2 protein chains.
Amino acid sequence: MRLTRAAEYAIRCVIYLSRQGQSVLTSRQEIAEQADIPAHFLAKIAQDLAKAGLIEIRQGARGGFLLSKNPADVTLLEVVETMIGEISLNDCVARPSGCKISPCCSVHRVWLDARDQLRDSLRRVSFDQLIADASCFPSYPKALLETEGLETPLSARNDLQ
Amino acid sequence: MRLTRAAEYAIRCVIYLSRQGQSVLTSRQEIAEQADIPAHFLAKIAQDLAKAGLIEIRQGARGGFLLSKNPADVTLLEVVETMIGEISLNDCVARPSGCKISPCCSVHRVWLDARDQLRDSLRRVSFDQLIADASCFPSYPKALLETEGLETPLSARNDLQ
DNA sequence: AATATATGAGACCTTATTGATCCTATTTAC
DNA sequence: GTAAATAGGATCAATAAGGTCTCATATATT
Ligand code: SF4
Ligand code: SF4
């Protein structure tokens with residue numbers, strides 16, 4: 001297990017779509033440019049996201065991608081595991097049969113616990129949370145900032161602490 | 001970041017040495033055979049462990065490796081990070097300069113927290129804990145089992161739950 | 001219907017990393 | 001001195017990651 005570039009790009013893509021709003025169609029080119037993702041690579045990534053039911057793909061002229069779920073219902077874990085498979089940390093967690101002593105290995109149990117903890121952490125983060133903060137994320141639509149008057153949207157969240 | 005085979009072998013090696021006891025010299029061949037590690041590969045791994053001060057290497061006839069610290073003072077995190085470098089999960093955690101938006105990226109903060117949590121989990125596990133449980137670990141010395149009468153050493157720990 | 005536009009699906013390539021092996025030099029017990 | 005054992009580094013094969021390219025397909029527009 002390893003967080004690949006493809007997973008990082010997938011997260012950026014879903015963030016961009018979340019900011020656009022659910023069911024807002026956005027062209028692949030726009031996402032690629034704004035979120036700094038190689039356009040052709042994004043095409044492949046989008047296919048995986050679509051298979052997982054996270055986004056919908058519209059072909060043809062004026063085609064593109066759109067988020068098929070509410071950002072609040074999409075977790076970071078879902079997007080990550082769509083791209084890299086289920087997180088396991090160590091091979092023997094994914095395939096216990098690979099090491100014959102796994103049933104009674106004390107180290108194996110540590111990896112199991114650590115994996116569960118990591119997956120829980122990522123499951124707790126949804127995309128509505130991620131876009132709540134402002135960010136210098138390249139995809140942040142300046143137009144949105146101006147029309148909605150969110151000059152310092154970060155402050156609201158900082159005040160909570 | 002990814003847990004490599006080398007890291008897994010390093011853990012097995014340190015477990016074997018911990019079972020032998022601190023400062024007990026053990027040949028590379030014995031460790032390799034008992035813990036199921038390719039002998040030549042173990043040589044390279046041992047060099048890294050030695051550089052980190054975890055084990056000591058004795059050259060020459062009747063040479064081998066020995067644990068230079070008390071198993072209670074060696075954590076799983078130390079051994080793992082000796083082999084694969086500091087755990088970062090995502091590249092931007094290790095090198096924030098790699099992504100120019102990292103200072104105010106909400107996803108970046110999630111990776112930071114998850115990394116800290118994972119590292120803490122591994123830091124909490126020391127090798128005296130790992131060898132306290134019995135295990136079908138190939139390196140478990142049967143002789144030790146017999147002399148100390150630990151027929152069911154796993155039960156002691158299960159009773160605690 | 002024709003055309004321009006945009007993505008689908010998968011083949012393909014390049015590079016980096018991993019996992020492992022091999023060979024010669026050096027060290028130490030005897 | 002000789003045999004036994006590791007040091008240190010070169011080397012190599014296999015795998016995976018990251019990215020590109022091409023042709024097929026779908027749709028809006030005219
Ligand atoms: S020895 Fe334990 S931790 Fe290592 S691969 Fe086997 S089961 Fe997993
Ligand atoms: S966008 Fe955020 S999470 Fe992704 S690489 Fe940049 S700082 Fe890290």
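Quick caveat, the model's predicted, so the values are computed rather than measured. In the text below, chain A, chain B and the rest are named by the order of the sequence lines, each starting its count at 1. In what follows, every heavy atom counts, from backbone to side chain, and hydrogens, waters and symmetry copies are set aside.
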base_contact_polar (D/dG19 base, A/Lys44 side chain, donor-acceptor, <3.5 Å): yes
Ranking C/dT27, C/dT7, D/dC21 by distance to the side chain of A/His40, first place goes to D/dC21
Would you say the base of C/dA9 and the side-chain of A/Gln47 have a donor-acceptor pair closer than 3.5 Å? yes
Respond yes when some side-chain nitrogen or oxygen of A/Arg2 is under 4.0 Å from OP1 or OP2 of D/dT15, and no when none is. no
Considering heavy-atom distances to DNA chain C, does B/Leu3 or A/Lys51 have its closest nucleotide positioned more toward the 5' end? A/Lys51
Taking the nucleotide of DNA chain C with the closest heavy atom to each, which residue, A/Ala61 or A/Phe65, is nearer the 5' end? A/Ala61
Interatomic distance where CZ belongs to A/Arg58 and P belongs to C/dA6 [whole Å]: 16 Å
On DNA chain D, check which nucleotide each of A/Arg5 and A/Gly60 is closest to and give me the residue with the more 5' one. A/Arg5
From CE of B/Met83 across to C1' of C/dT17 the rounded distance in Å is 14 Å
From the set C/dA29, D/dT20, D/dT25, return the single nucleotide nearest to any side-chain atom of A/Phe41. D/dT20
Quick one: A/Ile31 CD1 to C/dA6 P, roughly how many Å, whole number? 13 Å
Any side-chain donor near an acceptor of the partner, B/Ser106 and A/Gln129, under 3.5 Å: no
State, with a plain yes or no, whether a side-chain heavy atom of B/Asn90 is found less than 4.5 Å away from one of B/Val107. no
Write down the distance between CG (A/Asp48) and C1' (C/dG10), rounded to a whole number of angstrom. 12 Å
Measure CG/B/Leu42 against C1'/C/dT21 and give the value in whole Å, please. 14 Å
Between P of D/dT6 and CZ of B/Arg62, the distance in whole Å: 11 Å
Using side-chain heavy atoms (C-beta onward) and a distance below 4.5 Å, is B/Glu30 in contact with B/Gln20? yes
Side-chain N,O (B/Tyr9) to OP1/OP2 (C/dA20) below 4.0 Å: yes
Under a 4.0 Å N-O cut-off, is there an ion pair linking B/Asp116 with B/Arg119? no
Between P on D/dT6 and CZ on B/Arg28, what's the gap in Å once rounded to a whole number? 5 Å
Without decimals, in angstroms, what is the distance between A/Leu25 CG and C/dT5 P? 17 Å
The side chain of B/Thr4 lies closest to which of these nucleotides: C/dT18, D/dA7, C/dA29? C/dT18
Between B/Lys69 and B/Glu78, is there a side-chain N and carboxylate O pair less than 4.0 Å apart? yes
